[in-house]
Protein chains: 2
Amino acid sequence: MHTLGFEHHDHHRCKREALDAAEAHCARHRLNLTPQRRRVLEILLEGHRAMGAYEILDTLRDEGLGAQPPVAYRALDFLVTNGFAHKIERLNAFIACTHPDATHTPAFLICRICDAVAETHAEPARGMLGAAAEAAGFEIEQAVVEAVGRCPRCRDGAAPCR
Amino acid sequence: MHTLGFEHHDHHRCKREALDAAEAHCARHRLNLTPQRRRVLEILLEGHRAMGAYEILDTLRDEGLGAQPPVAYRALDFLVTNGFAHKIERLNAFIACTHPDATHTPAFLICRICDAVAETHAEPARGMLGAAAEAAGFEIEQAVVEAVGRCPRCRDGAAPCR
DNA sequence: CTTGATATGTTACATCATAACGATTATCAA
DNA sequence: TTGATAATCGTTATGATGTAACATATCAAG
């Protein structure tokens with residue numbers, strides 16, 4: 001599994017691919033990727049980082065696509081529910097999914113210096129956590145896994161990523 | 001490692017032990033466990049569940065120990081920094097540590113029905129997540145691991161825990 | 001005593017999120 | 001086509017969570 005986020009890459013292409021994947025998925029599953037929802041996904045893909053709901057809303061407002069918080073939260077709820085975006089609990093923010101095709105258990109690497117976020121994959125439920133849950137009689141349905149630390153750039157003492 | 005949280009146990013004793021451990025730790029490390037901080041820890045131990053900062057503040061206010069949000073947040077910050085309590089990101093709430101002595105990487109099992117929380121232990125940084133981080137050049141300093149699912153009682157179709 | 005570090009009290013505000021309700025649009029069976 | 005139903009959107013209002021900033025108080029060390 002590829003960990004996308006810190007290294008340089010072709011933003012234009014990864015945006016294009018994610019949008020295509022979302023459209024294909026919605027077509028297959030009869031989901032309604034409305035202009036509003038599609039635009040919010042685009043904004044997340046263009047930002048290519050964790051963004052707050054109000055930051056997204058500011059853009060929507062500038063474009064005449066909605067001015068009130070529920071507009072942004074509804075679109076984000078659709079995107080998260082269908083796996084096109086994820087919520088980063090630690091940051092109270094949202095980020096476009098970079099593994100749109102894979103059925104996955106996302107995990108995130110969050111830089112505490114510059115707030116850059118990389119998505120990766122982990123299945124904690126298979127290891128110690130799964131064993132502990134089983135022993136406690138707990139049924140895991142979903143897992144929030146967010147590692148906090150320093151991204152490569154900030155470790156190198158370079159200027160923060162942004 | 002014992003997973004504490006869902007099963008019945010002696011609350012009075014576990015509160016006593018956690019307070020003793022906190023006092024001993026503070027004495028050893030010259031930390032100032034002020035009445036306010038101590039009381040917030042007691043409130044968390046008595047609640048024995050994840051509690052919001054404002055819920056804690058309500059109790060402090062009733063007792064004349066502080067009325068404004070920073071009072072609660074400062075005490076919680078002290079407790080979290082020193083490992084006597086943890087923040088549950090998924091719930092924006094705080095819970096007393098149930099493994100006060102062990103140097104640990106806490107992980108939590110959160111019931112989505114009744115919001116009960118059990119603390120357990122996991123070291124995701126040793127498994128897939130650690131490998132992914134290393135490959136990405138990311139240095140993990142801390143990890144948020146929160147499994148969401150159903151606790152034993154709610155699985156059994158019993159009335160929710162609370 | 002004075003100085004510096006720590007802790008507390010308070011105001012004001014910033015940020016994140018949702019309930020509720022009405023208007024509109026899409027869907028589809030009759 | 002039409003009427004019923006569900007999904008989506010627009011808006012108001014409010015709730016919930018969290019912090020910046022500054023004044024005051026306490027206390028240990030020089």
Side-chain angles (χ1 to χ4, degrees), chain A residues 22 26-27 29-41 43-44 47 49-82 84-95 110 112 115 117 144 146, chain B residues 22 26-27 29-41 43-44 47 49-82 84-95 112 115 144 146:
Chain A
C26 287
H29 294 81
R30 309 213 185 287
L31 294 169
N32 194 354
L33 186 62
T34 63
Q36 238 175 22
R37 291 167 175 177
R38 190 192 148 95
R39 184 65 190 124
V40 170
L41 178 54
I43 291 167
L44 285 174
R49 61 195 168 83
M51 301 177 79
Y54 279 71
E55 187 181 355
I56 293 165
L57 182 59
D58 287 342
T59 303
L60 292 179
R61 184 181 293 120
D62 290 346
E63 299 174 355
L65 280 173
Q68 304 307 324
V71 171
Y73 281 101
R74 284 169 184 156
L76 287 167
D77 183 62
F78 172 88
L79 296 175
V80 169
T81 297
N82 295 294
F84 305 134
H86 302 293
K87 180 170 188 183
I88 309 295
E89 298 289 346
R90 175 71 185 223
L91 302 177
N92 293 318
F94 301 84
I95 194 166
I110 305 170
R112 69 170 160 78
D115 281 347
V117 176
V144 174
E146 299 175 358
Chain B
C26 287
H29 294 80
R30 309 210 184 290
L31 293 169
N32 195 353
L33 187 63
T34 63
Q36 235 175 24
R37 292 167 176 177
R38 190 191 148 94
R39 184 62 191 125
V40 170
L41 179 55
I43 290 167
L44 284 174
R49 61 194 169 83
M51 301 177 78
Y54 279 72
E55 186 182 357
I56 293 165
L57 182 59
D58 286 342
T59 303
L60 292 179
R61 184 181 292 120
D62 290 346
E63 299 173 355
L65 280 173
Q68 304 307 324
V71 171
Y73 281 102
R74 283 169 185 156
L76 287 165
D77 183 61
F78 172 88
L79 297 175
V80 168
T81 297
N82 297 110
F84 305 133
H86 301 292
K87 179 166 189 184
I88 309 296
E89 298 289 347
R90 176 70 187 223
L91 301 177
N92 293 320
F94 300 84
I95 193 165
R112 69 169 161 78
D115 281 346
V144 175
E146 298 175 356

Do A:Glu146 side-chain atoms and A:Ile110 backbone N/O form a donor-acceptor pair below 3.5 Å?
-> no
Is the backbone of A:Asn32 close enough, under 3.5 Å, to the side chain of A:Arg37 for a donor and an acceptor to pair up by distance?
-> yes
Say you draw a straight line from [atom1] of [X] to [atom2] of [Y]; how long is it, rounded to the nearest 0.5 Å?
{"X": "B:Met51", "Y": "B:Asp58", "atom1": "CE", "atom2": "CG", "answer": "9.0 Å"}
{"X": "A:Gln68", "Y": "A:Leu60", "atom1": "CD", "atom2": "CG", "answer": "11.5 Å"}
{"X": "B:Ile56", "Y": "B:Leu41", "atom1": "CD1", "atom2": "CG", "answer": "10.0 Å"}
{"X": "B:Tyr73", "Y": "B:Leu57", "atom1": "OH", "atom2": "CG", "answer": "9.0 Å"}

Whole angstrom is fine here: how far is it from [atom1] in [X] over to [atom2] in [N]?
{"X": "A:Leu76", "N": "C:dT15", "atom1": "CG", "atom2": "P", "value": "18 Å"}
{"X": "A:Gln36", "N": "D:dT11", "atom1": "CD", "atom2": "C1'", "value": "13 Å"}
{"X": "A:Leu57", "N": "D:dT11", "atom1": "CG", "atom2": "C1'", "value": "12 Å"}
{"X": "B:Leu91", "N": "C:dC16", "atom1": "CG", "atom2": "C1'", "value": "15 Å"}
{"X": "B:Met51", "N": "D:dG18", "atom1": "CE", "atom2": "P", "value": "14 Å"}
{"X": "A:Ile56", "N": "C:dA17", "atom1": "CD1", "atom2": "P", "value": "11 Å"}
{"X": "A:Asp77", "N": "D:dA7", "atom1": "CG", "atom2": "C1'", "value": "13 Å"}
{"X": "B:Asn82", "N": "C:dT6", "atom1": "CG", "atom2": "P", "value": "13 Å"}

Between B:Leu65 and B:Asn92, whichever has its closest DNA chain C nucleotide further toward 5' is B:Leu65
If you look at every strand shown and take non-hydrogen atoms under 4.0 Å, does A:Arg37 touch a base, only sugar-phosphate, or nothing?
-> sugar-phosphate
Residue-phosphate contact under 4.0 Å: B:Lys87 side-chain N/O, D:dG18 OP1/OP2 = yes
Salt bridge or not for B:Asp77 and B:Arg74, using N-O below 4.0 Å?
-> no
Would B:Ile43 and B:Arg39 satisfy side chain to side chain contact (heavy atoms under 4.5 Å, CB included), going step by step from the backbone distance to the final call?
-> CA-CA 6 Å; B:Ile43 290 167; B:Arg39 184 62 191 125; 3.8 Å; yes
Do B:Leu44 and B:Leu76 come within less than 4.5 Å of each other through their side chains, counting heavy atoms only?
-> yes
Measure all distances between protein nitrogen or oxygen atoms and nitrogen or oxygen atoms of nucleotides 23-28 of chain C, and list the pairs falling under 3.5 Å.
none

Protein N or O to nucleotides 19-29 of chain D N or O, pairs below 3.5 Å:
{"residue": "D:dA21", "atom": "N6", "partner": "B:Arg74", "partner atom": "NH2", "Å": "3.3"}

